[in-house]
Amino acid sequence: MKEHKLIVIVGPTAVGKTAVAIQVAEHLGTEIISADSRQIYRELTIGTAKPDEAELKRVPHHFIDSHSIKEDYDAASYGRDALSLIHRLFEQHKFLVLCGGSGLYVKAVLEGFDEIPDVPDEIREHLTKNFEQHGIVWLQEQMCALDPEHFAALDQQNPHRLMRALEVKIGTGQSIASFRKQAKLQHPFEVIKIGLELPREELYSRIDARMDQMVAAGLFDEATQLYAYRHHNALQTVGYQEIFDYMDGKYDREEAVRLLKRNSRRYAKRQLTWFKRDEETLWMNPGNIQAILNLIN
RNA sequence: GGUGAUGUAGCUCAGUUGGUAGAGCAAAGGACUGAAAAUCCUUGUGUCGGGGGUUCGAUUCCCUCCAUCACCA
């Protein structure tokens, strides 16, 4: 029996993760490590459904407002940063809560990534530029020429995957496949994974209602102020891109709101697909706090 | 009450010179190890309003009923 326990709370957007995590953390007298790839940015507030001030006061949170949209941050960096924080916090706490909807971020903490040497930024810039100019065919040709074996195995229509594979091949001289060891991190603490789930219809009406609330709270104003940063990675985000396109005159405000809701629903579906694959996750209704607490004790 | 139009997928509609039907939107399922709220792949879900007639065969033609809409009273 390991002495420390990490309570991991995952689930789709708008299912009620924040409220559950706070109640669990309060009950255990501990802190919350957020695993949300957008709530880390201090410039994004309304559109990311961050915990509000009162909630942040009730329980100490980490990785909320910890970064700026002007910085580049990614899942691997998060995984390293979060894990070292977890080790530190376990010196004071028996329990910790890790809560968030970014599946890859959670995976970065729990399983880790294979070690792949850093590659210079210029390589990715070069690839991105050529992709923009010549399209995906150019990436496919490069990949086919440089690493035909892995090219055959990967998702050939996916520009991000092609660019990642190419930057590793160019930067290290080795195929990205050669770094894949499939080794998972071993932790000195116990992990309890809880997935929060609601009937699909209920989840979707919650998403729609929350989008209306965000719009009423000034989401369009927030996005307008961030327009200049719209090409930053942090703003490749549901809730902002739709408004930038509206500002560009691609459609009217009503259509923007419709797309905000639709894209949030689709995002929730993708999250569910990701989290459902993990057979260790225990699925619970977010309204049943008592059952959730029983799982932990 | 009269005249006309419409009734096909969850929605808006197309179509079948008679051989049981297809687009857009919405939706569903999936992949995913360094951009992950990203990126990518797959999928048409249907008593063609009800009933009857003609026909080898009707969603299509004819009759009738129902519903909706418009206009006239």
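Letters A, B, ... are given to chains in the order of the sequence lines, protein chains preceding strands, and every chain is numbered from 1.
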What distance, rounded to whole Å, do you find between the two P atoms, one in B:G19 and one in B:U39?
44 Å
Looking at the side chain of A:Arg265, which of B:U33, B:A27, B:G34 is the nearest nucleotide?
B:A27
Might you point out which heavy atoms bring A:Phe113 and A:Ala108 nearest each other, and give the distance in Å?
CZ-CB, 3.9 Å
Does A:Arg270 place a side-chain N or O at less than 4.0 Å from the phosphate oxygens OP1/OP2 of B:G30?
no
Between A:Glu55 (side chain only) and A:Asp52 (backbone N and O only), is there a donor and an acceptor less than 3.5 Å apart?
yes
How are the rings of A:Phe244 and A:Tyr240 set relative to one another: parallel (under 30°), tilted (30 to 60°) or perpendicular (over 60°)?
tilted
Check the pair A:Phe63, A:Asp81 against side-chain contact (heavy atoms from CB on, under 4.5 Å), reporting the backbone distance first and the verdict last.
CA-CA 9 Å; A:Phe63 295 101; A:Asp81 295 347; 3.8 Å; yes
Per the side chain to side chain donor-acceptor pair (under 3.5 Å) rule, what does the pair list look like for residues 101-115 of chain A, sequence neighbours excluded?
A:Ser37-A:Ser102
So A:Thr48, base contact, sugar-phosphate only, or nothing? Heavy-atom distance under 4.0 Å.
base
Nucleic acid contacts - residues 198-224 of chain A versus RNA chain B, non-hydrogen atoms under 4.0 Å
A:Arg200, A:Tyr204
Show the numbers, then the answer: is there a side-chain contact (heavy atoms from CB on, under 4.5 Å) between A:Val97 and A:Ile9?
CA-CA 7 Å; A:Val97 175; A:Ile9 297 172; 4.0 Å; yes
For A:Asp114, answer base if it contacts any base atom (sugar-phosphate contacts may also be present), sugar-phosphate if it contacts only those atoms, and nothing otherwise; contact means non-hydrogen atoms under 4.0 Å.
base
Integer angstrom distance from the C1' of B:U17 to that of B:U59
15 Å
Check every strand shown and say whether A:Asp36 touches a base, only sugar-phosphate, or nothing at a heavy-atom separation below 4.0 Å.
base
Strictly by modelled atom types, are A:Tyr78 and A:Asp36 linked by a side-chain donor-acceptor pair under 3.5 Å?
no
Ignoring the backbone of A:Glu115, work out which of B:A38, B:G34, B:U33 is nearest its side chain.
B:G34
Could you tell me how far apart A:Glu111 (CD) and B:A36 (P) are, to the nearest whole angstrom?
18 Å
Reading RNA chain B 5' to 3', how would its secondary structure be written in dot-bracket notation, given Watson-Crick and G-U pairs with both distances under 3.5 Å, brackets [ ] for crossing pairs and | for partners on other strands?
(((((((..((((.....[..)))).(((((.......))))).....(((((..]....)))))))))))).
Can you tell me which nucleotide in B:C25, B:C40, B:G34 comes closest to the side chain of A:Asp155?
B:C40
Nearest nucleotide by nearest heavy atom, which residue falls closer to the 5' end of RNA chain B, A:Gln182 or A:Tyr41?
A:Gln182
So, is A:Arg80 near the phosphate of B:G34, with a side-chain N or O under 4.0 Å from OP1 or OP2?
no
P-based separation of B:C48 from B:A21 [nearest Å]:
10 Å
Any chance the rings of A:Phe189 and A:His187 have centres within less than 6.0 Å?
yes
Tell me whether the ring of A:His160 lies stacked over the B:A35 base, given a 5.5 Å limit on centroids and a 30° limit on the plane angle.
yes
Take atom CD of A:Glu71 and atom P of B:A35, then tell me their distance rounded to the nearest Å.
16 Å
Is any side-chain N or O of A:Asn233 closer than 4.0 Å to OP1 or OP2 of B:A36?
yes
Output the single nucleotide from B:A26, B:A36, B:A31 whose closest atom is nearest the side chain of A:Thr273.
B:A31
Distance check needed: B:A36 C1' versus A:Ile40 CD1, whole Å only.
12 Å
Distance check, P atoms only: B:C63 and B:U20, in whole angstrom units.
25 Å
How are the rings of A:His4 and A:Phe90 set relative to one another: parallel (under 30°), tilted (30 to 60°) or perpendicular (over 60°)?
tilted
Distance below 4.0 Å between A:Arg161 side-chain N/O and B:C40 OP1 or OP2
no
A:Arg266, nearest nucleotide to its side chain (from B:A27, B:A36, B:C40)
B:A27
Please compare A:Arg258 and A:Ile176 by the position of their nearest nucleotide in RNA chain B and report the one closer to 5'.
A:Arg258
Within this structure, what is the CG-to-P distance between A:Leu185 and B:G34, rounded to whole angstrom?
15 Å
What is the distance from OH of A:Tyr267 to C1' of B:A31, rounded to the nearest Å?
17 Å
Please determine if a side-chain N or O atom of A:Tyr105 lies less than 4.0 Å away from the OP1 or OP2 oxygen of B:A36.
yes
RNA chain B contacts among residues 235-254 of chain A, heavy-atom distance under 4.0 Å
A:Gln236, A:Thr237, A:Val238
Taking B:U33, B:C40, B:A35 as options, the one with an atom nearest any side-chain atom of A:Met163 is B:A35
Inter-nucleotide P distance (B:A23, B:G18), Å rounded
22 Å
Ignoring backbone atoms, test whether A:Lys269 places a side-chain nitrogen or oxygen under 4.0 Å from the OP1 or OP2 oxygen of B:G29.
yes
Give me the distance, rounded to whole Å, that separates B:G30 from B:U16 when you measure between the C1' atoms they each carry.
35 Å
Please state how far atom NZ in A:Lys276 lies from atom C1' in B:A31, giving the value in whole angstrom units.
18 Å
Looking at every strand, decide which applies to A:Gly101 at a 4.0 Å heavy-atom threshold: base, sugar-phosphate, or nothing.
sugar-phosphate
Considering only atom C1', compute the distance from B:G24 to B:U8 and round it to an integer number of Å.
15 Å
Test of understanding: clusters of I, L, V, M, F, W, Y form through side-chain heavy atoms closer than 4.5 Å, transitively. Do A:Trp274 and A:Leu98 belong to the same one?
yes
Rounded to the nearest Å, what distance is computed from the CG atom of residue A:Leu83 to the C1' atom of nucleotide B:U33?
16 Å
With ring centroids as reference points, do A:His67 and A:Tyr41 lie under 6.0 angstrom apart?
no
With a cut-off of 3.5 Å and sequence neighbours excluded, list every side-chain donor-acceptor pair involving residues 143-155 of chain A.
| from | atom 1 | to | atom 2 | distance (Å) |
| --- | --- | --- | --- | --- |
| A:Asp147 | OD1 | A:His150 | N | 3.4 |
| A:Asp147 | OD2 | A:Ser175 | OG | 2.7 |

Between atom NE2 in A:His67 and atom P in B:A35, what is the gap in whole Å?
15 Å
Any pair counted as side chain to side chain donor-acceptor pair (under 3.5 Å), so long as it reaches residues 6-20 of chain A, sequence neighbours left out:
A:Thr13-A:Arg210
Over all strands shown, is A:Asn263 touching base, sugar-phosphate only, or nothing at heavy-atom distances under 4.0 angstrom?
nothing
Taking atom P in both B:G49 and B:A58, what distance in whole Å separates the two?
15 Å
Closer than 3.5 angstrom, by distance alone: can the side chain of A:Thr224 be matched with the main-chain N or O of A:Phe220 as a donor-acceptor pair?
yes
Can you tell me if A:Glu222 uses its side chain to pair, donor with acceptor, with the backbone of A:Ile46 under 3.5 Å?
yes
